[in-house]
Each structure stands twice: as C-alpha cells, then as structure tokens.
Engineer: 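After the structure tokens below, expect a handful of questions from me.
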2 protein chains.
Amino acid sequence: MRFHSPAIQYFHAVRRTGSIRAAARVLNVASSAVSRQILKLEQEVGSPLFERNARGLTLTTVGEMLARHVMNVLQDLDRFRSDVASLSGTWHGTVSIACIESLTESVLPELIASHRGRARRVSFTTEVKGSSDVLEALSRGEADIGIAMALRHPPDLRQVALKRFRLGAVVAREHPLARRKTVTLAQCLAFPVIHALPELSIYHLLQPLIAQLSETPEPAIQANSIDLMRELAARGVGVAFQTQLGIGRLSRDSQLVFLPLDNAGSPVWSDLGIYVRAERTLPAYTESFLQELVRELGERERRENAAYPQVS
Amino acid sequence: MRFHSPAIQYFHAVRRTGSIRAAARVLNVASSAVSRQILKLEQEVGSPLFERNARGLTLTTVGEMLARHVMNVLQDLDRFRSDVASLSGTWHGTVSIACIESLTESVLPELIASHRGRARRVSFTTEVKGSSDVLEALSRGEADIGIAMALRHPPDLRQVALKRFRLGAVVAREHPLARRKTVTLAQCLAFPVIHALPELSIYHLLQPLIAQLSETPEPAIQANSIDLMRELAARGVGVAFQTQLGIGRLSRDSQLVFLPLDNAGSPVWSDLGIYVRAERTLPAYTESFLQELVRELGERERRENAAYPQVS
DNA sequence: TATAGCCGTTGCCGAAACGGCAGCAACATG
DNA sequence: CATGTTGCTGCCGTTTCGGCAACGGCTATA
C-alpha cells in the first residue's frame, strides 16, 4: 500500500536520520536514488530543503514546513490503513508512547497489560524521557501519545487531558514524619532530603518553594532517577518528593508512606498532561488506548483526591 | 510543486466528477491513464474503491476512507504551499465559502470587500446553499469555511464559533405592528404572513412554535428566497420572519422594521454556526479571513443584543 | 602532513512506470 | 435497432527510477 511518491518517504527518512546515506541504508536503496529524490523535491519546491553540512543534513525553514506536511501525510496514511484493516475485522498496529518516569511504576504497565489482554494484535513502544523531551519527540512524530508535566506546550501539540496530583513527601514507615497526616516543606527540610536534579520536573515544582524558606537545609542527596529516589526513601535515607503515582507498589507494601505537602495551607499540585500532535487524527486502536489512559488517570486523580481531601 | 503520485490527484478528480472520462478531461490526460491509476490504487489497497455503475463510478466504503485521506493530504498540501509562499512575502490563494442566504446581504460583501482592500492577492469563491448543503459541501472538501444554521453537525466538521441572533418579525414601516417594540407570534398571525418553505431553516425554527398555537392563521405566502421575502415585506404584503442580519440595507433605509419575537416572555434564537473541516489546518490567508468573520459576527451579535435587551 | 573514512553528487545504463492511441464489450437512451 | 457513453486493455514511445562506480569536499586520526 504505497501510493505516495517515493520522494515523500525518502525525505522523511533523511530528516529522521540526518543523512542521505544513512537514510538509503534504512530504505534499502542506493544513496544516489535518495539524493536525486531530494534534489528533485528541492527543485519542485523551488528552495533548498536541507543545509548541507560536512557531517550530514539539517532542515532549512522551508524544509521544516515540508517536514510538517510530510508528517501529516504519513500519519494520516497510517490512520487510513488502520481504518481499512478494522473494516475487515483485524485490529493491529503499534502505539508509541513517550512519557515521564512517574508513570512506569504502575499506571503504564497495568494499562498496557490490560489492553493487550483484550487486543492482542496491538503492540506498544514506550520511551521514558524528561518532560520537554517528551513534547519534542511528539512534535517530531516519534511518538503517538505523550505524557509529561503540564508545562507550556508548543502549538503543534494538543493537550488531551490535564490531571492534577498532589505532590507529597515520601518517607519510610519508620521515619519520624511517618505518623503525620500532612507535612510542610519546612518540616521535611529538618531531615535529610533526597532532591531531584533540575532535569526532573519535580525540581522546578519545589525550587520556588524552597527558595522562600530561609532555613539551612540538612545535607541532601540529589538524583535524577525516580526509581532510585523511591528506593532510597524506602531504606530510610531521607525524605523524597513525589506524587503518589510514582510510588505504587512500595506504597501498597506499606514500606513507604506518602504525606501530602502542605504549603501555607494549600496543596502543592503536580500537573500531568496527556498530549497528542494537533494536526492529526489518531488511528482507531491508538485512540482507543488514549481513551483508556485518560480514564485511568482521571480515576486515579479522583481516588487520590478523595483519600487526601483539601487541606484548607 | 507536484510531489504526490498522480494516483492521488486522479483519484480525487474521479471522486469529484464521478466518472473516469470526465476526470481525464479535467486533468488533460487520456482516460486510459486515469483508469490504470485507479486500478493500480485498488490493487495496492487490496479492495475496490469504486462501484462501477453503467453511468459512472460511486465510492465504496473503502473508497470513502481513501477519499478522506486524500482530502487531508491535498488540503494540507495547500496549506504547505501557502506557508512557503508567505515566507517570501507573497500572500495569495483562494478562500472558498459556503453559506446560507442571510449572510449575503451585508455581512459577507462588507467583509470580503474590506479584506480584499488589504490583501489584494486573495480571491474568494462563495456559494449560497441551504444549511445542510453547506455542511455537506464542507465535508466533501468543496469549501473551506461554512456558515450555516447551527444544527447537529457531522463529526468531521468543527464548529469554530456559534453566534445567536434574535429571530424577529419584519414588516413595512406602515404596518400596524410597526410601532410595537416586540411582537408575539400570535400577534403576527393576525396579519398575512410570509412563510419560509421547509428548505429554509427559519421554517424549522418557527414550525414548532406555530404548531402550539391553535388559531387559524391568515392566508399566507410561502417562499424559499430570503431576498424575495424581504422585498415582499417591504411592500407591505405581509409579515416576514428573519434575523436582523438578513435585512440589512432595507432596515437602514427605514423601509423595514425589525420586531424581535417574544415567545412566552423569552426570545426566539436563531443560532448561526461557523464550520471548518476538523481534520485540517487552514492556510494562513484562510485562517486570517476566518478570524475576521468570527470577530465581525461576534460584533454584530453584541450590537444586536444591546439594541434589543432580554425580554424577561 | 598524509591517509583513511564519510559525506553528497553525477554519468551511465537497464528496468520499471507512465501516458497516448485505438479498439473492445457493456450498458443506457432514443 | 442505432447511437452515444462508459470503463477497460494491447501496443508502443517517453519519462522516470534505481543501481553501480567514480569524483570532489570534508573531518578525524596517525
């Protein structure tokens, strides 16, 4: 089912690989063929699409415009294919997800497992990244669904849903703070804390609040792995900060205690956004999973906010 | 700038014309070439795209799916072209509008004139249709922007804006009702009325209200031309029903008087919707006009509702 | 400074795709 | 039954495409 001129696909491959020869290897054709198609495209458009650097090609402004168009075409072709396939009863395809680490402990594995239980022919690709990298991967068409901290998102992305979860302190069961219902940041800073490095978005949530406090914090550990921070907290090394989503199993096993943060009487929210390329209609199987994802996150949001009602 | 395989464009032409030979004439190629491209497409997709009737071709289900994809591709290609053109400073293209008759008296001509005053290189195509035909033309990709009564719209269309205007009685200056501020339907029906035929959406707005009244109405005139109804009312033939949008000049010349309808104490609204294909990003020049259209209609809505405040 | 390894591009040539022409059968209309 | 129109199919010249080998430009390394 290849009714689009090869130029389109060649261009797409060159953009992704950043090199004509590399694209040719991926496409299983001679590099000369790729080169000629690109040159022909540039002649048709009337403007160069790539800047030829010594070590590969970079998109020009016009090239980026064409890349957007080509992405729209190829993604819509995917959708068309899945539409035709679903007509004859066969649901198959791959859902590609880019998400931040907090989802990997329980939300995503459970959802994927349950979904594959019902739709065996749908496969998944998931890539864990930082929030801004998630949005970038989505913009570049390298993922279908993105889950990231709800920062300002580029206009070519659409925020399908926005779920807010309470940020809290995470301590071991034996920790002195563990008997409290909620904690303030100041109370936490009296103990050794496990800080997130700036590449994690928790850092940007907490930093402004910490800056307001004038106290000298206890010596702290810094890490960029949520998994590591969680395990450190479980071993009583210190106080970590997370949403309850990121704790998961250790919380159920009662090794960890989650204490909602209380910032001058109001909760500290961590906003989770679900994103999709705006100029795109998702294939049916992707849309189906997306709906489940939104529903599940909404369900968790509801449950957590019921368990820890407003401080005020 | 034709970097899409001919099959795409041929298919699109065949779909629009409903015949291979007609498409070939439009495309300036031999009919055999078109026929072969369609056959090749069907082979690639693995399913017939058209039903061959004796007198032309009709889309199959799969064909309609492909038509949707092809429409997305070609419309997005248009957008890409306009993006590239605007990069080199030249804004040009054609905005195609499908709308109902009430817009043709003042809103649309003024907007188009003012827009062309600023952007000389943008041309316009406008087609006046009934509300449901407007939506259909939009779905088929025969128009960029649709303005119609806000009925339920198909899911492949997006309602960009919804503006409500008061439905009112329209009478000549000398008409006995002309001195009133508002009128009820019952008061109107005491006089000869000019009814809309079912093909106009005013009919569907008024019919349920008329059905509630048990009175025997005066002998009425029925028409399907808003222009005709307006001119009839201006000549004192009877009471017509319209939104103020549809009166325009004759109202400014004080030949006609607009009397908002009062239905058991509440206004009768006529909802005007502005529509666009959902799976599409508009070219910049089209988007620009669309914004002006929405703004202008919003402005009129505001002015009218200020002139005729709530009845209650 | 010389060399090896990439890079994109180009000439050449066989293969594949495309399009035009004329003619076919099928069907509708009168 | 004649006529017109429909889509389809051999045949054939033209265009396009892709593979191979080679060239010049560049970087990194010895």
Side-chain angles (χ1 to χ4, degrees), chain A residues 1-64 66-67 70 73-74 77, chain B residues 1-64 66-67 70 73-74 77:
Chain A
M1 205 186 290
R2 32 184 292 279
F3 35 68
H4 285 293
S5 86
I8 298 282
Q9 322 195 20
Y10 288 11
F11 173 84
H12 189 234
V14 171
R15 182 194 67 88
R16 280 188 306 174
T17 59
S19 141
I20 287 189
R21 283 190 124 98
R25 279 193 294 273
V26 173
L27 296 165
N28 277 320
V29 291
S31 65
S32 59
V34 179
S35 173
R36 268 191 272 260
Q37 291 291 344
I38 300 296
L39 289 173
K40 189 174 78 90
L41 262 183
E42 292 183 322
Q43 196 182 346
E44 298 262 14
V45 177
S47 152
L49 299 171
F50 292 98
E51 280 170 7
R52 271 73 170 176
N53 307 319
R55 208 138 202 84
L57 309 193
T58 322
L59 283 174
T60 62
T61 308
V62 177
E64 283 180 10
L66 182 59
V70 167
V73 169
L74 293 182
L77 177 62
Chain B
M1 203 186 291
R2 30 183 297 276
F3 34 69
H4 285 293
S5 80
I8 298 282
Q9 321 194 18
Y10 288 10
F11 173 83
H12 188 235
V14 171
R15 181 194 66 89
R16 281 188 306 173
T17 60
S19 140
I20 288 189
R21 283 188 125 101
R25 280 192 294 272
V26 172
L27 295 165
N28 277 321
V29 291
S31 67
S32 60
V34 179
S35 175
R36 267 191 272 260
Q37 291 292 343
I38 300 296
L39 289 174
K40 190 173 76 92
L41 262 183
E42 293 183 321
Q43 196 182 348
E44 299 263 14
V45 176
S47 153
L49 299 171
F50 293 98
E51 279 169 8
R52 270 72 169 177
N53 308 321
R55 206 139 203 86
L57 309 193
T58 321
L59 284 173
T60 63
T61 307
V62 178
E64 282 180 11
L66 183 58
V70 167
V73 169
L74 294 181
L77 177 62

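Chain letters run A, B, ... following the sequence lines, proteins first and then strands; every chain starts at 1. Because the structure is a prediction, the values reported are computed rather than measured. Heavy-atom basis, side chains included; hydrogens, waters and symmetry copies ignored.
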Engineer: Check the interface with nucleotides 4-11 of chain D: list each N/O to N/O pair with the protein under 3.5 Å, or write none.
Structural biologist:
| from | atom 1 | to | atom 2 | distance (Å) |
| --- | --- | --- | --- | --- |
| D:dG7 | OP1 | B:I20 | N | 2.6 |
| D:dG7 | OP2 | B:I20 | N | 3.4 |
| D:dG7 | OP2 | B:R21 | N | 3.0 |
| D:dG7 | N7 | B:R21 | NH1 | 2.4 |
| D:dG7 | O6 | B:R21 | NH1 | 3.2 |
| D:dC8 | OP1 | B:R52 | NE | 2.8 |
| D:dC8 | OP1 | B:R52 | NH2 | 2.9 |
| D:dC8 | OP2 | B:S35 | OG | 3.0 |
| D:dG10 | O6 | B:R36 | NH2 | 3.2 |

Engineer: Restricting to nitrogen or oxygen on both sides, can you table the protein-nucleotides 14-16 of chain C pairs closer than 3.5 Å?
Structural biologist:
none

Engineer: Below 4.5 Å, heavy atoms only, C-beta onward: do A:V45 and B:F3 meet side chain to side chain?
Structural biologist: yes
Engineer: Rounded to the nearest angstrom, tell me the gap between atom CZ in B:F3 and atom P in D:dC17.
Structural biologist: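 Result: 14 Å.
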Engineer: Closer than 4.0 Å, any side-chain N/O of B:Y10 to the OP1 or OP2 of C:dC18?
Structural biologist: no
Engineer: Within a radius of less than 6.0 Å around CD of A:Q43, do more than 12 heavy atoms belonging to other residues, nucleotides or ligands occur?
Structural biologist: no
Engineer: May I ask you to decide if the ring planes of A:F11 and A:F50 are parallel, tilted or perpendicular, using 30° and 60° as cut-offs?
Structural biologist: tilted
Engineer: Can you see which heavy atom on B:S47 is nearest to which on B:V62, and at what distance?
Structural biologist: OG-CG2, 3.4 Å
Engineer: Measure the angle between the two terminal helix axes of the helix from C:dT1-D:dA30 to C:dG30-D:dC1, five base pairs each, and quote it to 10°.
Structural biologist: 30°
Engineer: Quick one: A:Q9 CD to D:dC17 C1', roughly how many Å, whole number?
Structural biologist: 14 Å
Engineer: Specify the separation, in whole Å, of atom NZ of B:K40 and atom P of D:dT16.
Structural biologist: 16 Å
Engineer: What distance separates A:L59 CG from A:R15 CZ, expressed to the nearest 0.5 Å?
Structural biologist: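 Rounded to the nearest 0.5 Å, the CG-CZ separation comes to 7.0 Å.
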Engineer: Check the phosphate of C:dA17 against B:Q37, side-chain N and O only, distance under 4.0 Å to OP1 or OP2. Yes or no?
Structural biologist: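 The answer is no; no side-chain N or O of B:Q37 sits under 4.0 Å from OP1 or OP2.
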Engineer: Quickly work out the A:F50 CZ to C:dC7 P distance and round it to whole Å.
Structural biologist: 15 Å
Engineer: Answer yes or no: is there a side-chain heavy-atom contact under 4.5 Å between A:S31 and A:R21?
Structural biologist: yes
Engineer: Of all the heavy-atom pairs spanning A:L49 and A:E42, show the shortest one and how long it is.
Structural biologist: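 Taking A:L49 first and A:E42 second, the nearest heavy atoms are N-OE2, 2.7 Å.
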Engineer: Checking side-chain contact (heavy atoms from CB on, under 4.5 Å) between B:I8 and each of B:L66, B:L41, B:L74, which is the one that passes?
Structural biologist: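 Answer to the side-chain contact (heavy atoms from CB on, under 4.5 Å) test with B:I8 among B:L66, B:L41, B:L74: B:L74.
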Engineer: Within the structure provided, determine whether B:E51 and B:N53 are in side-chain contact (heavy-atom separation under 4.5 Å).
Structural biologist: yes
Engineer: With a 4.5 Å heavy-atom cut-off, do A:P6 and A:Q37 have their side chains touching?
Structural biologist: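 They are in side-chain contact.
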Engineer: Report yes if the side chains of B:V29 and B:Y10 come closer than 4.5 Å at any heavy-atom pair, otherwise no.
Structural biologist: yes
